[in-house]
Amino acid sequence: MQKTEITNLVWFRNDLRTNDNLVLYEATKHNAKVIGVYCFDPKQFEVDTFGFKKTEKFRAKFLIETVKNLKSQLKDLNIELLVYHEHPETVIPEICETHDVNAIFLQKEWTQEELNIENSVRTKAINVNWHSIYNQFLFHPEDINFEISKTPQVFTAFRKKLEKYVMIREEVTIPKRPENNRIENNTTIPNLIELGFEEFESHPHSAFPFKGGESEALNRMEDYFFNTKKLGFYKKTRNGLVGKDYSSKFSPWLANGSMSARTIYWKVKQFENEHYKNQSTYWLIFELIWRDYFKYISLKHGDQIFKLEGILHKNYEWSSDRTQIEQWINGETASDFVNANMIELKETGWMSNRGRQNVASYFAKELELDWRIGAAYFESLLLDYDVHSNYGNWMYVAGVGNDPRDRKFNVQLQAERYDSNGKFRNLWLQTSLF
């Protein structure tokens with residue numbers, strides 16, 4: 001007898017949530033069986049061309065926590081998440097065959113590594129329909145009022161084109177599936193040791209003491225917005241360096257898709273309706289627009305964002321002096337402010353926005369090192385690594401991206417301004433002595 005039931009496979013990548021997940025929403029819209037899959041791709045834990053592990057222990061741990069939470073959240077919707085520590089191009093075609101999958105739903109990506117993996121799967125998973133869905137924007141690409149190829153070269157022009165003229169879409173809610181949607185699931189989530197790391201405890205001084213996963217993200221948002229109302233002071237405190245509350249700290253969850261930019265946007269609007277609206281409530285949305293901007297720049301320029309000359313095609317003489325790179329990584333430069341920030345990153349996988357701008361500027365403009373090496377190190381260590389924001393920001397600071405003024409940070413003046421009492425430097429420079 002011919003099979004009539006349709007089976008949809010949701011391939012989770014950097015959209016590890018159930019709330020406001022367009023990919024999951026589209027897969028569950030029709031009367032189909034829905035299965036989820038996530039692969040801890042061994043390629044993500046290999047050493048890159050600059051000698052860094054693509055994903056270091058901090059993000060690996062955060063990712064494990066995130067996938068555990070996703071599996072639990074999906075279970076509440078009667079959807080099973082199959083988890084493998086295996087290459088997607090090996091696993092996904094097998095799942096398609098075993099479960100008679102009709103269609104694969106996935107978040108649309110456009111950077112080369114993601115496309116290469118996707119294409120490898122496509123060549124092996126034959127007779128399957130593919131649905132690639134934009135799922136990581138505040139302003140949806142189908143709603144913007146200009147062609148992506150005409151994305152402005154300056155952020156302010158981008159923002160002014162959008163914020164007063166383009167509506168933010170409402171969030172989508174995922175309906176619970178019937179009981180019979182469940183399948184047998186004997187897969188297990190790998191631990192740190194299986195991914196090639198040792199178990200570790202988070203550093204007691206970490207400014208990001210949170211766990212991975214959608215539940216933790218939503219709890220943090222509730223606390224930051226409504227319990228403490230810290231959102232109301234965001235603009236004044238966002239350049240802070242010490243503690244968990246100087247900024248929202250949403251970026252690691254945004255980076256792996258545990259929460260959506262739209263969820264944050266609509267929560268800000270709820271806060272404004274229930275409490276008050278001020279520069280700080282706007283500024284959080286302003287930062288989400290910056291995040292979108294780097295995604296559109298990446299869409300517009302493609303692989304050029306990974307090249308030494310950047311999107312400006314600037315010719316520079318850059319060095320790749322190993323000694324200077326190691327001194328920067330280990331916090332042994334001539335700048336105590338740079339050193340404190342770099343030690344914080346090495347010990348915790350986190351660094352403030354203010355710190356990042358300073359250490360990147362010092363790397364590219366003071367030491368005149370190949371900015372892509374700094375970007376690769378950030379990719380390896382940062383909990384909130386996001387390909388578009390990371391490479392967009394590094395190009396910007398290195399003078400080959402979207403900064404029309406090609407600024408260089410005076411790290412000493414920055415230290416005096418943002419760490420005038422030396423609290424941050426003392427915290428991390430003393431830590432490094434033990």
Side-chain angles (χ1 to χ4, degrees), residues 154-156 159 207-208 234-243 246-252 254-255 283-284 286-294 297 305 310-312 316 318 324-325 328-329 331 333-346 348-420 423-425 427-428:
V154 178
F155 169 70
T156 305
R159 176 176 61 80
F208 190 89
Y234 173 74
K235 191 165 190 279
K236 292 176 186 166
T237 61
R238 57 181 283 277
N239 281 309
L241 300 162
V242 179
Y246 63 76
S247 68
S248 71
K249 302 294 197 304
F250 294 153
S251 57
L254 275 168
W283 212 258
L284 192 62
F286 177 89
E287 293 296 342
L288 290 174
I289 301 172
W290 257 113
R291 177 178 175 273
D292 256 26
Y293 181 55
F294 283 131
I297 288 297
I305 68 168
I311 60 173
L312 295 185
Y316 276 109
W318 300 97
Q324 285 189 311
I325 293 164
W328 179 78
I329 284 171
T333 72
S335 164
D336 62 351
F337 189 53
V338 168
N339 295 345
N341 277 290
M342 293 306 296
I343 291 164
E344 179 187 27
L345 176 60
K346 194 176 184 182
T348 70
W350 177 264
M351 193 193 296
S352 68
N353 179 56
R354 182 55 44 187
R356 294 176 201 204
Q357 292 182 63
N358 275 276
V359 304
S361 178
Y362 189 84
F363 187 90
K365 298 277 178 69
E366 190 69 39
L367 303 177
E368 297 181 337
L369 293 164
D370 180 340
W371 66 268
R372 297 170 304 168
I373 300 170
Y377 183 67
F378 270 27
E379 174 174 351
S380 178
L381 268 283
L382 280 174
L383 279 163
D384 61 355
Y385 167 71
D386 169 283
V387 59
H388 317 107
S389 292
N390 187 57
Y391 284 87
N393 272 304
W394 268 95
M395 280 195 304
Y396 190 97
V397 170
V400 296
N402 301 92
D403 182 5
R405 290 186 280 172
D406 194 11
R407 281 161 282 200
K408 176 182 173 180
F409 282 78
N410 182 324
V411 293
Q412 191 52 44
L413 284 179
Q414 290 272 306
E416 288 165 15
R417 182 174 177 187
Y418 294 105
D419 189 35
S420 55
K423 185 180 175 185
F424 173 74
R425 279 167 289 176
L427 181 69
W428 290 107

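Using modelled atom types, one finds no donor on one side chain facing an acceptor on the other under 3.5 Å when comparing Y396 with Q357. Checking R354 against Y246 by side-chain atom types alone, no donor-acceptor pair falls below 3.5 Å. Under the 3.5 Å distance criterion, with hydrogens and angles disregarded, no donor-acceptor pair is assigned to the side chains of N358 and Y418.
Using a 30° and 60° split on the angle between ring planes, F286 and W290 fall in the perpendicular class, above 60°. Relative ring orientation between W328 and F378 is described as parallel, the plane-to-plane angle staying below 30° on a 0-90° scale split at 30° and 60°.
With a 4.5 Å cut-off on side-chain heavy atoms, R291 and H388 do not count as touching. With a 4.5 Å cut-off on side-chain heavy atoms, E416 and L413 count as touching. The closest side-chain heavy-atom distance from W428 to T348 is below 4.5 Å. Using a 4.5 Å heavy-atom threshold, the side chains of L254 and L288 count as touching. With a 4.5 Å cut-off on side-chain heavy atoms, F424 and E344 count as touching. For the pair N402 and I311, the minimum side-chain heavy-atom distance is below 4.5 Å. In this structure the side chain of M342 reaches within 4.5 angstrom of the side chain of M351, judged on heavy atoms. By the 4.5 Å heavy-atom criterion applied to side chains, F337 and Q414 are counted as neighbours.
Around atom CZ of R417, no more than 12 heavy atoms belonging to other residues, nucleotides or ligands sit under 6.0 Å away.
Side chain of K346 to backbone of L381: no donor-acceptor contact under 3.5 angstrom is found. Judged by distance alone, with hydrogens and angles left aside, the side-chain atoms of S361 form a donor-acceptor pair with the main-chain N or O of F409 at under 3.5 Å. Side chain of N390 to backbone of D386: no donor-acceptor contact under 3.5 angstrom is found. A donor-acceptor pair is defined here as one N or O able to donate and one able to accept, closer than 3.5 Å; such a pair exists between the side chain of N339 and the backbone of T333. A donor-acceptor pair under 3.5 Å links the side-chain atoms of S335 to the main chain of V338, judged by distance alone.
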- Evaluation steps, side-chain contact (heavy atoms from CB on, under 4.5 Å), between S247 and T237: CA-CA 7 Å; S247 68; T237 61; over 6 Å; no

- Query: So Y316 and E368, side chain to side chain donor-acceptor pair (under 3.5 Å) or not? Walk me through it.
  - Reply: CA-CA 9 Å; Y316 276 109; E368 297 181 337; over 6 Å; no

- Does the pair D403 and V397 meet the rule for a side-chain contact (heavy atoms from CB on, under 4.5 Å), with working shown? CA-CA 7 Å; D403 182 5; V397 170; over 6 Å; no

- Item | side-chain contact (heavy atoms from CB on, under 4.5 Å) between Y377 and L345, intermediate numbers included | CA-CA 10 Å; Y377 183 67; L345 176 60; 3.7 Å; yes

- Given the rule in the side-chain contact (heavy atoms from CB on, under 4.5 Å) test, do R238 and W283 qualify, once you have shown the distances and angles that lead to the verdict? CA-CA 10 Å; R238 57 181 283 277; W283 212 258; 3.4 Å; yes

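One finds the CD atom of Q324 at 10.5 Å from the CD1 atom of I373 (value rounded to the nearest 0.5 Å). Rounding to the nearest 0.5 Å gives a distance of 7.5 Å between CG of D370 and CD1 of I325.
Figure legend: cation-pi geometry between R356 and W350, with NZ or CZ positioned under 6.0 Å from the six-membered ring centre and within 45° of its axis.
Salt bridge status for D419 with K423: absent, with no side-chain N to carboxylate O gap under 4.0 Å.
A pairwise comparison of heavy atoms in G243 and A207 identifies O-CB, 3.5 Å as the closest pair. The minimum heavy-atom distance linking D384 with S251 is given by the pair OD2-OG, 2.6 Å. Annotation for S352 and L241: closest pair OG-CD2, 3.2 Å, computed over non-hydrogen atoms.
Residue W394 is tested with W371, Y385, F363 for a ring-ring contact (aromatic ring centres under 6.0 Å, His included); the sole match is F363.
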